[in-house]
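Notes follow once the structure below has been shown.
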Protein chains: 2
Amino acid sequence: MTQFHTSRTRSTMREVAERAGASIKTVSRVINGEGNVNPELFERVMSAVKELDYRPNLQAGFLRRSDGKTQTIGLLVENISNPFSSALHRAIEDVARQRNVIVFAGSLDEDTHREQELTSAFFARRVDGLIIVPAGDDHAYLSKEQGAGTPLVFLDRPPVNLDADSVVATNFDGGFAATMHLIKHGHRRIAYIGDYATIYTGAQRLAGYKKALEVSNIAYDAAIVFQGSHSSADAQATLSGIFGGSSSPTAIFASQNFVTIGAIRTLHQLGLQGSVALVGFDEISEADLLAPAITLVTQNVTAMGESAAELLFKRLDGDDGDYEKKVIPTVLTPRGSGEISPKY
Amino acid sequence: MTQFHTSRTRSTMREVAERAGASIKTVSRVINGEGNVNPELFERVMSAVKELDYRPNLQAGFLRRSDGKTQTIGLLVENISNPFSSALHRAIEDVARQRNVIVFAGSLDEDTHREQELTSAFFARRVDGLIIVPAGDDHAYLSKEQGAGTPLVFLDRPPVNLDADSVVATNFDGGFAATMHLIKHGHRRIAYIGDYATIYTGAQRLAGYKKALEVSNIAYDAAIVFQGSHSSADAQATLSGIFGGSSSPTAIFASQNFVTIGAIRTLHQLGLQGSVALVGFDEISEADLLAPAITLVTQNVTAMGESAAELLFKRLDGDDGDYEKKVIPTVLTPRGSGEISPKY
DNA sequence: TTGAAAGCGCTAACAC
DNA sequence: GTGTTAGCGCTTTCAA
């Protein structure tokens with residue numbers, strides 16, 4: 001015996017009204033706490049609600065309600081199971097919760113087509129606003145929805161061909177700091193490994209890397225710059241062959257969490273973790289437990305998520321000032337792997 | 001200048017109909033791909049849709065549609081940013097995506113009250129079904145909603161005072177296997193550390209631990225059984241004082257991911273990682289990189305999420321067979337930390 | 001303080 | 001093929 005044999009229909013406001021001997025409008029007043037209802041009537045309505053297990057249909061109300069709010073927002077991230085994405089999600093949920101707003105979330109997997117599909121699915125359900133870590137590199141298609149009154153906040157990566165609010169980290173500065181840190185420890189041959197070249201954050205971090213070489217009078221060598229690794233396995237495959245030669249790198253700057261893990265695995269496998277320096281980007285939960293512990297540049301992910309949500313709700317509250325671009329600083333934490341000096 | 005200055009109203013099906021010189025019903029036919037529309041009229045409607053940037057309002061359609069489906073499901077987990085929860089989320093999203101269903105997600109933080117709040121918020125938005133990793137220990141309050149036709153799937157933990165579909169792992173077996181593994185390596189003084197005692201999975205794992213002691217003729221000693229650690233910091237605080245005495249444990253069974261990390265930290269801090277054995281529960285992403293590498297009992301989280309989603313959609317497709325309880329096996333992977341023999 | 005009527009944007013039922 | 005009408009469950013407007 002399952003629930004489906006006992007399937008009943010859900011009760012409506014009209015049924016509550018009939019049972020309570022009141023008008024539907026009076027029930028609406030009670031449900032929405034509008035006041036100005038005779039205490040006795042109020043009680044009759046409440047009893048009917050209990051007896052019928054009445055649950056208001058928010059969707060129906062939204063159709064007629066003047067503010068047109070569904071108390072729902074959408075969140076699009078790279079991959080909901082990536083720790084970076086899920087930390088953003090949690091921070092946003094916590095802000096939304098305070099306003100009785102619930103969150104739709106979806107993964108884009110760096111797929112432009114998927115981005116358009118999912119934004120469309122969210123708009124069809126009339127989300128009040130959207131926070132997006134975009135996969136695509138052209139957001140002009142969102143301008144009509146934006147014009148129709150749905151606020152958009154771009155998170156981690158800025159919009160392209162569209163004006164909108166955004167929250168980003170200091171990716172360039174972080175890449176610069178990571179590379180300078182290695183240079184200060186004596187390295188002049190530093191490999192770079194990163195995600196797909198098309199991703200904004202990676203490009204910024206790489207630019208920071210280049211700038212650090214430049215100000216230190218070290219020639220940029222494309223032979224030790226590797227882009228296109230999206231998983232730790234990718235990174236491992238890429239890095240495992242680059243050591244051993246006379247001009248192998250003495251240090252690595254790994255520009256993203258999974259890539260950093262791949263770099264760690266490679267060094268451990270080759271027994272080089274004590275001789276090749278490594279600075280990673282993004283949080284890694286057990287960075288302090290490894291030997292050596294991993295020196296990382298990290299973002300304040302919670303602050304990023306919170307800022308994005310607050311920006312969105314400010315718009316929903318009616319703020320129509322200029323678009324804002326919030327920049328959240330990154331921090332380098334030395335732990336060991338980044339302080340290894342080159343062995344010649 | 002922001003989007004809010006240009007705020008326009010959204011166009012409706014009626015407006016599209018007027019512009020195309022067709023009836024609203026014809027537009028509906030075109031939008032929903034019902035066919036039986038004159039090609040020329042079809043084209044006129046499509047043009048009008050483009051020109052007005054018309055986007056159908058799914059919520060409005062749902063109100064009248066006979067199947068009453070919102071193409072939306074809800075997911076409640078312990079904490080959306082916990083890797084276990086977010087892996088479940090991703091597996092569920094992937095199944096839902098194939099059916100054009102999108103997912104609301106929320107964190108319960110082991111809070112019974114929050115569970116009721118969030119289920120209520122989801123039902124108010126008329127989710128088609130709900131997958132829940134419950135925080136509470138009484139789910140009778142869900143029976144009316146279940147009776148009204150919203151399928152419920154309990155994930156990771158079974159329902160209490162309610163009949164419903166569920167998907168759980170072999171927690172008892174996993175706890176038994178972990179403990180037997182340590183016993184086989186010569187340990188007779190094995191500490192247990194786990195999450196809140198009220199959590200079903202932890203209780204099952206602890207029962208497996210007890211059973212392993214029992215079949216091995218080892219007396220249960222409550223002095224080395226610790227429940228109530230919800231974070232790695234909690235676990236560290238609990239464990240840091242238990243070593244050094246003449247009867248200190250020679251091994252630890254850590255019954256959850258954060259707790260395992262706390263145990264690792266403690267052993268490293270005390271320099272005991274090479275002499276005290278450790279078996280953990282749940283996946284830890286860099287378990288293989290630590291020294292020693294960590295022996296873990298893991299669940300197939302993706303299979304758990306997929307099974308739950310498939311069970312839910314089977315119900316939504318009309319299956320009204322008996323409630324199912326799917327059980328997903330756990331696996332112990334020896335990596336080093338669990339194979340340390342006791343030093344006397 | 002209460003209620004009747006209209007209508008949100010759409011689909012269902014039934015014409016033609 | 002195409003259109004008309006009613007109505008999903010609720011809020012709004014306006015009258016009493």
Side-chain angles (χ1 to χ4, degrees), chain A residues 8-46 48-49 52-72 123-128 148-149, chain B residues 8-46 48-49 52-72 123-128 148-149:
Chain A
R8 276 193 355 253
T9 178
R10 235 175 279 269
S11 49
T12 70
M13 196 175 260
R14 166 158 280 109
E15 285 163 25
V16 173
E18 273 168 25
R19 187 174 192 107
S23 77
I24 180 175
K25 176 62 213 182
T26 300
V27 176
S28 172
R29 284 202 183 88
V30 172
I31 295 292
N32 295 299
E34 282 177 34
N36 288 344
V37 176
N38 180 306
E40 195 210 325
L41 231 193
F42 185 93
E43 274 314 314
R44 290 217 310 276
V45 169
M46 288 307 279
V49 165
L52 297 172
D53 191 46
Y54 170 70
R55 286 173 185 272
N57 184 335
L58 235 61
Q59 314 287 14
F62 148 68
L63 206 53
R64 194 68 177 82
R65 187 175 280 115
S66 51
D67 68 3
K69 293 280 182 290
T70 56
Q71 303 273 90
T72 289
F123 292 142
R125 288 164 182 80
R126 296 296 187 265
V127 292
D128 296 334
Chain B
R8 276 196 353 258
T9 177
R10 236 175 277 268
S11 50
T12 70
M13 197 175 262
R14 167 158 279 109
E15 286 164 24
V16 173
E18 273 168 26
R19 188 175 191 104
S23 78
I24 180 174
K25 178 64 213 182
T26 300
V27 177
S28 174
R29 283 199 183 90
V30 171
I31 296 291
N32 295 298
E34 282 176 34
N36 290 343
V37 175
N38 181 304
E40 196 211 326
L41 229 192
F42 185 94
E43 274 315 314
R44 289 217 310 275
V45 170
M46 289 307 280
V49 165
L52 296 173
D53 191 47
Y54 170 69
R55 286 176 184 270
N57 184 335
L58 236 61
Q59 315 286 14
F62 149 68
L63 207 53
R64 193 68 177 84
R65 188 177 279 114
S66 52
D67 67 3
K69 294 282 182 290
T70 56
Q71 303 275 86
T72 289
F123 292 142
R125 287 164 183 82
R126 295 297 187 264
V127 292
D128 296 335

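Small disclaimer: the values here were computed from a predicted structure and weren't measured. For the numbers below, each heavy atom of this structure counts, side chains included, while hydrogens, waters and symmetry mates do not. Per chain, numbering begins at 1; letters A, B, ... match sequence-line order.
Looking at Arg14(A), its side chain has no donor and acceptor atom pair within 3.5 Å of the base of dG9(D). For Arg29(B) against dG3(D), a side-chain-to-base donor-acceptor contact under 3.5 Å is present.
For Arg64(B), the side-chain atoms get nearest to dG9(C) when compared with the rest of dG9(C), dT12(D), dT2(D). For Pro56(B), whose side chain is taken as the heavy atoms from C-beta onward, the closest listed nucleotide among dC10(C), dG3(C), dT11(C) is dC10(C). Counting only heavy atoms from C-beta on, Ile24(B) has its side chain closest to dT11(C) among dT11(C), dT2(C), dG3(D).
In this structure, CZ of Phe62(A) is placed 13 Å from P of dT12(D), rounded to the nearest angstrom. In this entry the distance linking CZ of Arg126(A) with P of dC8(C) reads 15 Å, nearest Å. Between Tyr54(A) atom OH and dG9(D) atom P there is a gap of 10 Å when expressed in whole angstrom units. Rounded to whole Å, the distance from CG on Asn57(B) to P on dC8(C) is 13 Å. Between Asp67(A) atom CG and dC8(C) atom C1' there is a gap of 13 Å when expressed in whole angstrom units. Between the CE atom of Met13(B) and the P atom of dT4(D) there is a distance of 15 Å, rounded to whole Å. Straight-line distance from the CD atom of Glu34(A) to the C1' atom of dT2(C): 12 Å, rounded to whole Å. Atom pair Lys25(A):NZ and dG7(C):C1' shows a separation of 14 Å (rounding to whole Å applied).
At dT2(D), none of the side-chain N or O atoms of Thr26(B) fall inside 4.0 Å of OP1 or OP2 (strictly under the cut-off). A sub-4.0 Å separation between OP1 or OP2 of dT2(D) and a side-chain N or O of Ser23(B) is absent. In this structure, Asn36(B) does not reach the dT2(D) phosphate: none of its side-chain N or O atoms is under 4.0 Å from OP1 or OP2. Contact annotation: Thr12(A) does not reach the phosphate of dG9(D) (side-chain N/O to OP1 or OP2, under 4.0 Å).
Between Arg65(A) and Leu63(B), the residue whose closest nucleotide on DNA chain D is further toward the 5' end is Leu63(B).
The shortest distance between side-chain heavy atoms of Arg19(B) and Val16(B) does not fall below 4.5 Å.
As judged by a 4.0 angstrom heavy-atom cut-off over every strand, Phe42(A) is placed among residues making no nucleic acid contact. Leu58(B) comes within 4.0 angstrom of nothing in the nucleic acid, heavy atoms only.
A donor-acceptor pair under 3.5 Å is absent between the side-chain atoms of Arg29(B) and the main chain of Glu34(B), judged by distance alone.
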